[in-house]
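Whatever order the structure lists ligands and atoms in, that order sets their numbers, starting from 1.
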Amino acid sequence: MAEYHNATHAAAALHFEDARTGALNPPIVTSTVYARDQNYQQREHRGYARDQNPTGELAEAMLTQFEHGAAAMLFPSGMAAATAVFRTLLAPGDHVLVPSKGYFTLRNWLQRFASQWHVEVQFVDTTDLASFAAALRPGRTKLVWLESPANPTWDITDLAATTELAHRAGAYVAVDNTTASPVFTQPLRLGADLVMHSATKYLAGHGDLLAGALVTRIDDEPWQRLRDYRRYDGACLGPQEAWLLQRSMRTLFVRVHAAARSAATIAAHLQRYRKLKVLYPGLADAPGHAIAAQQMHGGFGAVLSLQIGAIDDTTQARGLLQHLQLFAKATSFGSTESYVEHRYTIEGAAGGAPANLLRLSIGLEAMEDLIADLDAALRIGGVV
Ligand SMILES: *Cc1c(COP(=O)(O)O)cnc(C)c1O
C-alpha cells in the first residue's frame, strides 16, 4: 500500500475494487458453505463459514492498516475480543496486571475469571510508573493490560514506558485502544504487542452495531493461538455486521476528528466555571496532558467528564443531568449523538467512579447547540 494517510485509506476502504465487476463496495457474502473445485480442492482455503467467511476481511485489513499491525481479527463484541486474550494467553498460576481504573465490565469479568481459572489478577495504577514497575513480577507476569485514556476519569497511561517495563519483565502487552481510537493513538507503534477495540464505539460510530477486534504487531505464536481460539470458540462476527463495520470505518477519521474538536472546545468552555472540575486529557493542566500530547496525535478524544459538588455527593451531578435536553441520558460513547451518564448510578460505590461525576460523550451535533444545552442546564441547576 502506498504511503497515504490513514484517512485516505479509510475513505476508499483501502481502494477496494471487486475483481469481477469493478464494484467499489464489497459484496456481503452470506454463504456458510463453500464448494470444492474439480480436483476436490478448496478455493482460497475456504470450507465453512465460521471463521472463513470473506466479508469481514476488508474491515480486518483496514484495522491492520490503521493500527500499523500485521493482522487483525473481528469478534462479535469488544468483550468477546478482550476475554479471548485473557483466556488464550494465561494459564493457571500466571499473574496479570490490569489498570485499577478502566472499563467496568471487563474489571467485573476479570474478578470472576481470576477465581475460576486460578489466575492472579492484580489491579494497579498504571499511570504511576513506580507502582507499575513494583507490581511487575519478572517471569510470572505473563500479560499486562493497558487502557488510555481510561474510563471514566480519562487518566493517561504512558504506553511506551509501561510497555518497555513490561517487556523487560517478560510480559505480553495488550492495549484497549477503544477510547483513543486509531485516529489518535497507535499503541503497536509504541511497542505494544496487541490492540483491542470495542468496535461498537468509534469504529462503528453510529450506535447501531456491536463488534470487537484485535490487531497484532507481529504474526507470532500468541496470535496463532488467538486465531485458534476464535475458530474453536466460534466467536466470529456475522457478515452483515462485518460489512457495516467496514462501511462505517470509511468515515472514521472525519467523525472522530469532528467530535474531538467539539470535545476540546466544550472542555475549555466548562473549565471556566469555578464550581466544575473538568476531566479531559487535552486540557493543559490535566495530570496526564504532557504524556497525552506525546502519544495522542491530532486530538485528545471525544469523551470528557465533569465533577460537581462534593466528591461523595450525587445530588448536583444527578440534578444537572436531568436539566440537559440535547444529551441523551445513555451509557456508551462514540456515536453520532451526544450522551451524558452518571457512572456512579451504574457501577455503585464499589465501581470506583466518583459520585459527583458526569461522563459526556460528544457526538456530531453543532457544537454551539451542545454548549448552549450545557450552559442552560448549569443555569437552571443554579451552578452558574
Ligand atoms: C465498550 C467497551 C468495551 C466492551 O466492548 P463491547 O463491544 O461493548 O463488548 C471494552 N473497552 C472499552 C474501553 C469500552 O468502552
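The cationic atom of Arg107 (NZ for Lys, CZ for Arg) does not lie both less than 6.0 Å from the six-membered ring centre of Phe104 and within 45° of the ring axis.
Between Leu270 and Leu374 there is a side-chain heavy-atom pair separated by less than 4.5 Å. Gln111 places a side-chain heavy atom less than 4.5 Å from the side chain of Asn108.
Separation of atoms CG (Leu357) and CG (Leu279) is listed at 6.0 Å; rounding is to 0.5 Å. We find the CD1-CZ distance between Ile346 and Arg359 to be 8.5 Å, quoted to the nearest 0.5 Å.
Ion pairing between a basic and an acidic side chain is recognised when a charged N comes within 4.0 Å of a carboxylate O; Arg140 and Glu120 show such pairing.
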Dump the pairs for me: ligand 1 N or O, protein N or O, distance under 3.5 Å, to 0.1 Å.
{"residue": "ligand 1", "atom": "5 (O)", "partner": "Ser198", "partner atom": "OG", "Å": "2.9"}
{"residue": "ligand 1", "atom": "7 (O)", "partner": "Gly78", "partner atom": "N", "Å": "2.8"}
{"residue": "ligand 1", "atom": "7 (O)", "partner": "Ser198", "partner atom": "OG", "Å": "2.8"}
{"residue": "ligand 1", "atom": "7 (O)", "partner": "Thr200", "partner atom": "OG1", "Å": "2.6"}
{"residue": "ligand 1", "atom": "9 (O)", "partner": "Gly78", "partner atom": "N", "Å": "3.1"}
{"residue": "ligand 1", "atom": "9 (O)", "partner": "Met79", "partner atom": "N", "Å": "2.8"}
{"residue": "ligand 1", "atom": "11 (N)", "partner": "Asp176", "partner atom": "OD2", "Å": "2.6"}
{"residue": "ligand 1", "atom": "15 (O)", "partner": "Lys201", "partner atom": "NZ", "Å": "2.6"}

